[in-house]
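Within every chain, numbering begins at 1; the chains are lettered A, B, ... in the order of the sequence lines, protein sequences first and strands thereafter. Here the structure is a predicted model, which is why all the values come from computation and not from measurement. Reckoned from all heavy atoms, side chains included, excluding hydrogens, waters and symmetry mates.
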There are 2 protein chains.
Amino acid sequence: MAEQHTDALDQLLELVVLLDDDMTQSLAREGLTVPRAHLAWLVHHNGPTTQRELAEALKVTPRNVTGLVDGLVAGGFVTRERHPTDRRATLVALTERGAASLAEMEKGHRDLAALLFGDMAERELDAFVEALGDVTSRLREGLQAAGEGGR
Amino acid sequence: MAEQHTDALDQLLELVVLLDDDMTQSLAREGLTVPRAHLAWLVHHNGPTTQRELAEALKVTPRNVTGLVDGLVAGGFVTRERHPTDRRATLVALTERGAASLAEMEKGHRDLAALLFGDMAERELDAFVEALGDVTSRLREGLQAAGEGGR
DNA sequence: TATTGTTATACTCTATAACTATA
DNA sequence: TATAGTTATAGAGTATAACAATA
């Protein structure tokens, strides 16, 4: 019945909460918060980036990026650099410490993946990932429909 | 290889982000935030509750509960009532509007579950839930070990 | 004119510490 | 003395609006 569906959703939400706790705690050990780490992650993968680009990627206001970068600068993770051609813009770049923290984060990411899925048989894992993909697609469509209908 | 593990984790995290967005948006339509809804949800399921009990259940400071209840009172979702025997304590109770919102939330919860899992074959769903449970257990054990080792 | 990032202001969630009223 | 909840203070994330410097 429908109860099996809500049981599955509750099981999924329980995992969501735990994952969030885990991530928050790990980042706190590095002296980072989730939004700051997200920003640093983007710089790590895309190289020096303007704040405007970061605001778009994070789906957040430019004002908010100012605050996040301020925090990361204070923590020694990034620096603000002059843009070579546009003097309005600033480039956010990782420091050595920032790069080291990001490398640590990537290691933590791989370790977490191994902890969660390392013992799972390959066929089982494939089925799980496929189910995750299906659920994600349905949710994305549902969100889109709600976004259109709700306006 | 290990890459399949990180792919699976990334797929899971993508779903986590979407679920969080969906929940935040749905609650915003009701005039609620996630922490306030969590508190109201507890009152809905346990009946009138002291702020101290809510602080423990939410794993949050008593000061924080004061703020959350203030917001819910301002929104007309709950009221503060005198405790019948302990004059230090206050009981947080749902208003009619609060109860109606919670009923709506429960309906949204069931609808979401149906959207995500309604099309899934029963065997598939069982396997998915079992895998979720396994992953959750491993994460919980890992978190505990890290919490002990990290101190 | 349009864009980049900032200051000004405000709201929410979170925490610690000091305090009031009651047990 | 201990407990329930508040005020005081602070930091982080988020937003809008007004503004400066630069395109």
Salt bridge (Lys or Arg N to Asp or Glu O under 4.0 Å) pairs touching residues 60-83 of chain B, sequence neighbours excluded, are D70(B)-R80(B)
Mind jotting down which residue pairs meet the salt bridge (Lys or Arg N to Asp or Glu O under 4.0 Å) criterion with at least one end in residues 31-53 of chain B? Sequence neighbours excluded, please. R52(B)-E56(B)
D7(A): side chain to side chain contact (heavy atoms under 4.5 Å, CB included) partners, not counting sequence neighbours: E3(A)
Quick one: does any side-chain atom of H45(A) pair with a main-chain N or O of W41(A) as donor and acceptor, under 3.5 Å? yes
Any salt bridge (Lys or Arg N to Asp or Glu O under 4.0 Å) pairs touching residues 130-141 of chain B, not counting sequence neighbours? E14(A)-R140(B)
State which residues pass side chain to side chain contact (heavy atoms under 4.5 Å, CB included) with H83(B); sequence neighbours excluded, sorted by chain then number. T50(B), T85(B), D86(B), A89(B), L91(B)
Once salt bridge (Lys or Arg N to Asp or Glu O under 4.0 Å) is applied, what residue pairs with a partner in residues 94-112 of chain A remain, sequence neighbours excluded? K107(A)-D111(A)
Show every donor-acceptor pair shorter than 3.5 Å between a side-chain atom in residues 15-24 of chain A and any protein atom, with sequence neighbours excluded, or say none if there are none.
residue	atom	partner	partner atom	Å
T24(A)	OG1	D20(A)	O	2.8

Per-nt protein contacts along nucleotides 13-23 of chain D (heavy atom under 4.0 Å; B base, S backbone sugar-phosphate only, - none) come out as SBBB----BBS
Give the first and the last nucleotide of DNA chain C, reading 5' to 3', that has any atom under 4.0 Å from a heavy atom of chain B. dT12(C) to dA23(C)
Just the rounded figure in Å: distance from P of dA8(D) to CG of D70(B). 13 Å
Between dA4(D) (P) and L91(B) (CG): distance, integer Å: 13 Å
